[in-house]
Amino acid sequence: MTHPYTYIDPNARVAPNVKIDPFTVIHGDVQIGEGTWIGSNVTIMDGTRIGKNCRVFPGAVLGAIPQDLKFSGERTTVEIGDNTTIREFVTINRGTTDRWKTKVGNNCLIMAYSHIAHDCLIGDNCILSNSVQLAGHVVMGDWAWIAGVSAVHQFVTIGQHAYIAGGSLVSKDVPPYIKAVRNPLSYGGVNSVGLKRRGFELEKINHILDIYRIIFNKGLNTSQALEFIEEELTASDERDEIVTFIRESGRGIIKRFTKGATEED
């Protein structure tokens with residue numbers, strides 16, 4: 001199932017039913033799982049681990065060394081889960097000593113021309129639309145979706161089930177379950193459509209709405225809002241996740257949109 005014009009290093013571990021198209025190069029320290037298809041003109045470099053039933057489209061480069069001046073040749077990896085699709089000309093770089101790996105989860109869709117830099121951790125069922133650019137150390141929770149031509153600052157965390165609108169500049173953390181829109185990037189409501197599609201009941205969606213109304217609309221500062229939520233709202237997994245996410249945010253979370261706001265605000 002390998003085209004004669006493909007080069008596979010004899011040390012690479014490629015499952016027997018992997019299909020590899022012509023003019024692709026696979027380096028030695030590579031593992032590719034069963035049922036995966038690798039298109040033409042793909043370069044898979046040392047340290048890359050690809051799961052089962054993945055699809056890698058032409059022109060992708062996986063496992064290149066980090067674009068980080070501190071990198072000094074340490075053995076790090078790119079790990080891609082099962083059933084993930086990587087479209088044309090995607091680049092995914094290896095990790096550094098920070099996390100030692102860059103990881104993309106199961107059932108993800110990484111669309112054309114996107115870049116995932118060193119030490120990013122992408123959860124399961126995530127979507128990066130065309131030309132999304134992730135700087136180093138970005139974390140995305142499960143089911144998060146970033147629309148096209150968006151750029152994410154290093155060390156940003158994006159919560160699960162969050163949606164980020166196309167053309168966004170993401171320099172602050174985006175809490176779970178919400179839509180992030182406008183410029184500067186701001187809270188745009190709960191991602192109700194996405195949550196309904198994933199089986200969230202209306203009662204649970206309304207509970208999440210109540211939490212974010214307190215955070216963004218009640219006129220409290222962040223600490224006051226979190227204390228109010230813990231004291232007044234019924235405990236739930238979603239409540240605790242949101243509160244923990246905000247308390248642990250390293251870059252601070254996005255804010256509610258106000259007319260005349262700037263990125264510096």
Closer than 3.5 angstrom, by distance alone: can the side chain of Thr76 be matched with the main-chain N or O of Gly95 as a donor-acceptor pair? yes

Of all residues at least two apart in sequence or in a different chain, which pass the salt bridge (charged side-chain N to carboxylate O under 4.0 Å, His left out) check with Asp98? none

If I take atom CZ from residue Arg239 and atom CG from residue Leu226, how far apart are they, to the nearest 0.5 angstrom? 10.5 Å

Heavy-atom check, side chain of Phe89 versus side chain of Asn41, under 4.5 Å: no

Checking Gln133 side chain against Tyr113 main chain: does a donor-acceptor pair fall under 3.5 Å? yes

Under 4.5 Å between any side-chain heavy atoms of Val30 and Val14, yes or no? no

If every non-hydrogen atom of Pro22 is compared with every non-hydrogen atom of Thr6, which pair is closest and at what distance? CA-OG1, 3.5 Å

What is the distance from atom CD1 of Ile50 to atom CD1 of Ile80, rounded to the nearest 0.5 Å? 5.0 Å

State, yes or no, whether a side-chain contact exists between His153 and Arg251 at a heavy-atom distance under 4.5 Å. yes

Return the minimal non-hydrogen interatomic distance between Ala135 and Val138, and the atom names on each side. O-CG2, 3.3 Å

Is there a side-chain contact between Ile164 and Met140 (heavy atoms, below 4.5 Å)? no

Asn125/Asn107 under side chain to side chain contact (heavy atoms under 4.5 Å, CB included): CA gap, chis, key distance, verdict: CA-CA 5 Å; Asn125 303 292; Asn107 307 305; 3.2 Å; yes

Asp21 and Trp37 side chains, donor-acceptor separation under 3.5 Å: yes

Return yes if a side-chain donor-acceptor contact under 3.5 Å exists between Arg198 and His161, otherwise no. yes

Working to the nearest 0.5 Å, report the span between OH of Tyr187 and CZ of Arg182. 13.0 Å

Checking side-chain polar atoms at under 3.5 Å, does Thr77 have a donor or acceptor matched by the opposite partner on Glu79? yes

If you measure only the distance, is there a donor-acceptor pair under 3.5 Å linking the side chains of Tyr177 and Glu241? yes

Can a donor-acceptor pair be found, under 3.5 Å and without considering hydrogens, that links the side chain of Gln224 to the backbone of Asn221? yes

Show me the donor-acceptor pairs, under 3.5 Å and distance only, between side chains in residues 53-70 and residues at least two apart or in other chains.
{"unit_1": "Arg55", "atom_1": "NE", "unit_2": "Thr85", "atom_2": "OG1", "d": "3.4"}
{"unit_1": "Arg55", "atom_1": "NH2", "unit_2": "Thr85", "atom_2": "OG1", "d": "3.3"}
{"unit_1": "Gln67", "atom_1": "NE2", "unit_2": "Asn93", "atom_2": "OD1", "d": "3.3"}
{"unit_1": "Gln67", "atom_1": "NE2", "unit_2": "His115", "atom_2": "NE2", "d": "3.4"}
{"unit_1": "Asp68", "atom_1": "OD1", "unit_2": "Lys70", "atom_2": "N", "d": "2.9"}
{"unit_1": "Asp68", "atom_1": "OD1", "unit_2": "Lys70", "atom_2": "NZ", "d": "3.1"}
{"unit_1": "Asp68", "atom_1": "OD2", "unit_2": "Lys70", "atom_2": "NZ", "d": "3.4"}

Under 3.5 Å: donor-acceptor pair, side chain of Thr84, backbone of Gly105: yes

Quick check against the 3.5 Å criterion: does Asp173 have a side-chain atom that pairs as donor or acceptor with the backbone of Thr157? yes

Decide yes or no for Val104 and Ile122: does some side-chain heavy atom of the first lie under 4.5 Å from some side-chain heavy atom of the second? yes

Do Ile32 and Phe23 share a hydrophobic cluster, counting only Ile, Leu, Val, Met, Phe, Trp and Tyr and linking them when any side-chain heavy atoms are less than 4.5 Å apart? no

Apart from Met111 itself, what residues make up its hydrophobic cluster when side-chain heavy atoms of I, L, V, M, F, W and Y under 4.5 Å apart count as a link, directly or indirectly? Leu109, Ile127, Trp145, Tyr163

Between Ser192 and Ile205, does the side chain to side chain contact (heavy atoms under 4.5 Å, CB included) criterion hold? Intermediate values first, please. CA-CA 7 Å; Ser192 302; Ile205 294 173; 3.9 Å; yes

Taking the side chain from Asp46 and the backbone from Gly28, do they hold a donor-acceptor pair closer than 3.5 Å? yes

Kindly check if the number of other-residue, nucleotide or ligand heavy atoms within 6.0 Å of CD (Glu201) is above 12? no

When you measure from the side chain of Arg94 to the backbone of Glu74, do you find a donor-acceptor pair of N or O atoms at a distance under 3.5 Å? yes

With a 3.5 Å distance limit and no angle check, can you tell me whether Asn106 reaches the backbone of Asp82 through a side-chain donor-acceptor pair? yes

Would you check if Val243 and Ile229 make a side-chain contact, meaning some heavy-atom pair closer than 4.5 Å? yes

ring-ring contact (aromatic ring centres under 6.0 Å, His included) partners of Phe228, counting only residues at least two apart: none

Once salt bridge (charged side-chain N to carboxylate O under 4.0 Å, His left out) is applied, do any residues pair with Glu238, and if so which ones, sequence neighbours excluded? Lys204

So which atom in Ala112 and which in Arg87 form the shortest heavy-atom distance, rounded to 0.1 Å? N-CB, 3.5 Å

Please determine, by modelled atom types, if Thr36 and Glu34 share a side-chain donor-acceptor pair under 3.5 angstrom. no

Separation of Lys172 NZ from Ile158 CD1 (nearest 0.5 Å): 14.5 Å

Among Thr96, Thr102, Thr97, which one satisfies side chain to side chain donor-acceptor pair (under 3.5 Å) with Asp119? Thr96

Can you name the closest pair of heavy atoms from Val174 and Ala180 and give their distance? CG1-CB, 4.1 Å

Would Ile215 and Ile246 count as a side chain to side chain contact (heavy atoms under 4.5 Å, CB included) if you check the C-alpha gap in whole Å, the side-chain angles of each, and the deciding distance to 0.1 Å? CA-CA 10 Å; Ile215 294 169; Ile246 294 172; 3.6 Å; yes

Shared hydrophobic cluster, Val152 / Val149 (ILVMFWY, side-chain heavy atoms < 4.5 Å): no

Drop me the distance from Thr24's OG1 to Tyr5's OH, to the nearest 0.5 angstrom. 14.5 Å

Determine, using the 4.5 Å side-chain heavy-atom cutoff (strictly less than), whether Val156 and Ile242 are members of one ILVMFWY cluster. yes

Looking only at non-hydrogen atoms, find the nearest pair between Met45 and Thr48 and report the distance. O-OG1, 2.8 Å

Tell me, yes or no, whether the heavy-atom count around Arg247 atom CZ, taken from other residues, nucleotides or ligands under 6.0 Å, exceeds 12. yes

Walk me through it: do His118 and His137 pass the test side chain to side chain contact (heavy atoms under 4.5 Å, CB included)? CA-CA 6 Å; His118 59 88; His137 316 276; 3.2 Å; yes

Linked, directly or transitively: Phe71 and Ile116 (ILVMFWY side chains, under 4.5 Å): no

Let me confirm one number: the CD1-CD1 distance from Ile8 to Ile38, rounded to the nearest 0.5 Å. 9.5 Å

Tell me yes or no: between the side chains of His207 and Ser236, is some donor less than 3.5 Å from an acceptor? yes

Suppose clustering is done on Ile, Leu, Val, Met, Phe, Trp and Tyr with side-chain heavy atoms closer than 4.5 Å. Which residues sit in the same group as Val25? Tyr7

Locate the shortest heavy-atom distance separating Ser150 from Ala147; write the atom from each residue and the value. OG-O, 3.0 Å

For Val132, is there any backbone N or O sitting under 3.5 Å from a side-chain donor or acceptor partner on Ser114? yes

Answer with yes or no whether the hydrophobic clustering places Trp143 together with Tyr212; edges join I, L, V, M, F, W, Y residues whose side-chain heavy atoms lie under 4.5 Å apart. no

